[in-house]
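Notes follow the structure.
Residue numbers run from 1 in the order of the sequence given. Note that the structure is predicted; figures quoted are calculated from it, not measured.
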Amino acid sequence: MKLILKPAIVGLMAGLFVSVSHADLPVNELSLSEEKSGWKLLFDGKSMDEWRNYKKEDLSEGWKLVDGTIVRADRGAGDIVTKKKYGAFELSLEYKISKGGNSGVMYHVVEGDGPPWHSGPEIQVQDNVDGHDPQKAGWLYQLYQPQVPRWAKVKTIPDSTKPAGEWNQLYIRIDPRQSEVCMNGVLYYRFKMGDKKWDELVAKSKFGKFPGFAKAGEGHICLQDHGNEVAYRNIKVRELGPDGEVPQPIDGEMSLKGELAFPNLKWDQWEAINEDGRVRPLRLMELTYADDDSNRLFVASQYGAIWTFENQRDVSQSHLLLDLRDKVYDWKKPGANEQGLLGLAMHPNFKNNGHFYVYYSHTDNKRSIVSRFTVPKETPNKADPASEKIIMDIEQPYQNHNGGCIEFGPDGFLYIGLGDGGDRNDPQANGQDLSTHLGAILRIDVNSPSGDKPYSIPNDNPFVNIEGAKPEIYAHGLRNPWRFGFDKETGDLWLGDVGQELWEEVNIIEKGGNYGWSRREGTHAFGNRPAVANTTQPLDPIWEYDHRIGKSITGGRVYRGSRMPQLFGKYLYADYVTGRVWALTYDKASGRATANEQVVPDTIPVLAFGEDQNGEIYYLTNSPKGESIYRFANE
């Protein structure tokens with residue numbers, strides 16, 4: 001049973017607008033990440049120096065500066081344009097439209113004989129309920145409208161626009177290679193100016209008779225006066241390089257290199273060629289250790305095998321600890337890239353009880369299983385496959401966003417990371433729903449069974465006394481937590497949460513924390529869902545980066561080893577798609593990230609990070625040769 005959704009408290013404001021509070025979102029500011037990656041403010045909330053009226057030298061009095069917003073307030077305001085021209089660029093802004101109102105954002109506007117729309121395509125800005133135009137906000141006027149990706153399971157055409165009087169965020173990328181538009185973080189459509197489809201659509205529209213329409217290649221950005229009151233704020237622009245590149249959000253380059261951590265290691269009973277004669281890369285998801293004085297490491301592969309070996313540089317022999325292939329859904333099947341054996345955690349008292357825990361996708365493709373297995377004392381390198389005890393059996397509506405990371409915290413409790421259930425736009429609204437385990441970090445006591453459950457709920461779990469909430473939840477509002485880890489020194493729980501269209505984020509998880517999904521993506525608005533009862537104000541990530549920088553974060557760990565002193569205390573993390581690896585410096589006193597450094601110059605598709613008993617950190621990759629465990633070294 002889902003919790004009842006209740007609209008956020010609304011308050012009346014002066015003038016035409018009714019607005020939901022957005023005190024939690026930054027206004028007319030650039031984050032440290034945005035500054036370092038090339039974003040610029042086109043409006044700072046204090047002056048309108050970057051703007052002038054179309055074909056004029058100055059700005060009319062019809063546009064006013066009101067409480068940190070640009071407001072089209074009076075008749076005769078006229079269309080306004082940026083003083084600068086832009087070719088390939090990204091634009092992000094927030095708008096608030098009046099009831100029944102209409103406006104627009106145009107790009108590549110040339111100051112020719114006619115009005116701006118004779119040369120510049122227009123993205124609609126209007127009231128979708130009482131507006132007078134059937135083409136809604138976010139549509140590229142008479143050309144493109146929201147589409148659903150072919151891979152999406154839910155085929156509903158998105159309309160993520162919030163009602164008149166509320167702030168909406170519009171993102172536009174104009175690039176010769178591919179352009180796109182997102183409304184409140186939701187992808188509406190992609191297009192390529194000048195290709196066959198574009199030319200066909202233009203020819204059918206009213207713009208077909210203007211020979212210069214969308215042909216300039218660069219021009220002004222224009223905010224339209226359509227005779228209605230409209231406000232704009234948080235107007236940011238970033239110019240794109242010749243290949244669409246942007247600066248990395250870094251303070252410097254550490255120029256380290258990666259090297260095989262165990263160059264002689266062979267994998268017991270692993271073959272790179274499967275039964276069908278196809279190459280099957282070794283794809284490791286976890287590397288960890290047991291506090292048992294054995295100096296062993298334990299690693300888990302996504303296809304279902306777990307090995308152990310001695311933590312020595314020259315080690316050559318590994319032992320197949322457990323083979324779960326008959327229980328684990330094959331990640332190589334269509335759409336199963338985020339399924340399989342995803343988590344491994346050794347019990348803090350493994351030395352005495354031999355218990356370890358796994359998280360895997362069940363072979364029926366509909367469930368995630370958290371189980372306990374036991375290693376008998378007489379066979380320390382071989383677990384008993386018949387010892388499985390299922391701890392949690394969690395239904396999964398889709399194949400992706402399974403999360404899957406598990407780890408024991410300093411408190412001795414087991415933490416479990418779950419994604420929102422999958423597909424795009426969080427179709428079941430699980431991110432903010434406390435009545436489901438999905439989209440959350442769970443915290444359970446596996447040492448104390450309770451009733452018919454093989455675990456109990458810690459008394460201080462934050463939602464124990466919230467009616468309808470799952471008491472296992474420790475924190476929520478997550479999309480797809482891809483790898484988390486506790487800092488050996490501080491006990492902080494660091495987590496990387498994979499974003500959807502625009503932002504990737506790093507969070508430090510707090511008890512009871514709400515991390516915003518799917519009303520927010522990082523510090524940015526997402527979708528148009530109302531706030532949910534019994535949830536708190538979302539917490540900001542300590543760091544985020546946009547999808548020009550990377551598209552799939554791999555959460556890492558804080559380095560507490562001694563081999564690489566230049567990394568000490570830094571959070572190591574990566575992006576799987578772009579292969580970039582960074583080290584983030586965090587000031588706990590201020591709660592802010594203070595620096596971000598590039599670790600290696602090469603691109604490395606890091607699947608996960610692991611840690612040994614000495615605080616040394618390893619990164620795991622995909623390899624058809626079995627060369628999957630690396631460490632950082634000096635050049």
What pair of heavy atoms forms the shortest contact from [X] to [Y], and how long is it?
X: Tyr232; Y: Ser103; value: OH-OG, 2.8 Å
X: Lys206; Y: Gln142; value: N-OE1, 3.0 Å
X: Gly496; Y: Tyr571; value: N-OH, 4.1 Å
X: Gly403; Y: Trp482; value: O-CZ3, 3.5 Å

Going by heavy atoms in the side chains, are [X] and [Y] under 4.5 Å from each other?
X: Arg479; Y: Asp426; answer: no
X: Phe463; Y: Lys511; answer: no
X: Ile473; Y: Leu442; answer: yes
X: Tyr188; Y: Gln145; answer: no
X: Leu478; Y: Leu495; answer: yes
X: Val148; Y: Ile157; answer: yes
X: Met183; Y: Lys136; answer: no
X: Trp51; Y: Leu223; answer: yes

#### Entry: side chain to side chain contact (heavy atoms under 4.5 Å, CB included) evaluation trace for Gln169 with Leu93
CA-CA 6 Å; Gln169 186 179 62; Leu93 59 76; over 6 Å; no
Answer yes or no: is there a donor N or O on one side and an acceptor on the other, between the side chain of [X] and the main chain of [Y], under 3.5 Å?
X: His108; Y: Gly120; result: no
X: Ser60; Y: Ala77; result: yes
X: Asp243; Y: Glu245; result: no
X: Asn402; Y: Asn400; result: yes
X: Asn28; Y: Asn234; result: yes
X: Arg238; Y: Ser37; result: yes
X: Ser33; Y: Pro249; result: no
X: Asn425; Y: Pro427; result: no
X: Asp133; Y: Asp127; result: no
X: Trp63; Y: Gly78; result: yes

If you measure only the distance, is there a donor-acceptor pair under 3.5 Å linking the side chains of [X] and [Y]?
X: Ser590; Y: Asp587; result: yes
X: Asp497; Y: Trp517; result: no
X: Ser31; Y: Glu544; result: no
X: Asp159; Y: Asn128; result: yes
X: Gln428; Y: Asn430; result: yes
X: Thr69; Y: Asp67; result: no

### Task
Could you walk me through whether Asn228 and Asn102 pass the side-chain hydrogen bond (donor to acceptor under 3.5 Å, both in side chains) test, one step at a time?
CA-CA 6 Å; Asn228 306 115; Asn102 196 334; 5.7 Å; no
Any chance [atom1] of [X] has more than 12 other-residue heavy atoms, nucleotides or ligands included, within less than 6.0 Å?
X: Glu35; atom1: CD; answer: yes
X: Lys64; atom1: NZ; answer: yes
X: Lys46; atom1: NZ; answer: no
X: Asp195; atom1: CG; answer: yes
X: Arg177; atom1: CZ; answer: yes

### Query
Between Asp575 and Tyr545, does a side-chain hydrogen bond (donor to acceptor under 3.5 Å, both in side chains) hold up when you go through it step by step?
CA-CA 10 Å; Asp575 187 90; Tyr545 62 90; 2.6 Å; yes
#### Entry: Residues Asp74, Glu61; criterion side chain to side chain contact (heavy atoms under 4.5 Å, CB included); working and verdict
CA-CA 8 Å; Asp74 295 333; Glu61 295 183 355; 5.8 Å; no
For [Y], is there an ion pair with [X] - N to carboxylate O distance below 4.0 angstrom?
X: Lys40; Y: Glu50; answer: no
X: Asp423; Y: Lys153; answer: no
X: Glu111; Y: Arg52; answer: yes
X: Asp79; Y: Lys55; answer: no
X: Lys36; Y: Asp251; answer: yes

#### Entry: Residue pairs involving residues 126-157 (criterion ring pair (Phe, Tyr, Trp, His ring centres under 6.0 Å); sequence neighbours excluded)
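Sorted result for residues 126-157: His132-His226, Tyr144-Tyr189, Tyr144-Phe191.
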### Task
Among Lys84, Lys85, Arg548, find the one that has a salt bridge (Lys or Arg N to Asp or Glu O under 4.0 Å) with Glu239.
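Among Lys84, Lys85, Arg548, the one meeting salt bridge (Lys or Arg N to Asp or Glu O under 4.0 Å) with Glu239 is Lys84.
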### Task
Check the pair Gln598, Gln248 against side-chain hydrogen bond (donor to acceptor under 3.5 Å, both in side chains), reporting the backbone distance first and the verdict last.
CA-CA 9 Å; Gln598 179 181 281; Gln248 279 199 63; 2.6 Å; yes
#### Entry: CA sep, side-chain torsions, deciding dist, call: Arg424, Glu501, salt bridge (Lys or Arg N to Asp or Glu O under 4.0 Å)
CA-CA 9 Å; Arg424 67 192 297 258; Glu501 313 293 0; 3.5 Å; yes
### Message
What's the separation between atom CG in Asn184 and atom CZ in Arg529, rounded to the nearest 0.5 Å?
### Response
12.0 Å
### Query
For the atom pair CG (Asn507) and CZ (Phe484), what is the distance rounded to the nearest 0.5 Å?
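It comes to 12.5 Å.
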### Message
Exactly one of Trp543, Tyr573, Tyr586 should register a ring pair (Phe, Tyr, Trp, His ring centres under 6.0 Å) with Trp494. Which one does?
### Response
Tyr586
### Query
Could you go step by step and tell me if Tyr171 and His524 meet the ring-ring contact (aromatic ring centres under 6.0 Å, His included) rule?
CA-CA 11 Å; Tyr171 166 84; His524 308 265; 9.9 Å; no
### Query
Given the rule in the side chain to side chain contact (heavy atoms under 4.5 Å, CB included) test, do Leu502 and Phe526 qualify, once you have shown the distances and angles that lead to the verdict?
CA-CA 10 Å; Leu502 297 177; Phe526 187 90; over 6 Å; no
### Task
Walk me through it: do Tyr86 and Ile174 pass the test side chain to side chain contact (heavy atoms under 4.5 Å, CB included)?
CA-CA 9 Å; Tyr86 296 91; Ile174 303 302; over 6 Å; no
### Query
Given Leu418, which of His401, Gln396, His476 fulfils the side chain to side chain contact (heavy atoms under 4.5 Å, CB included) condition?
Gln396
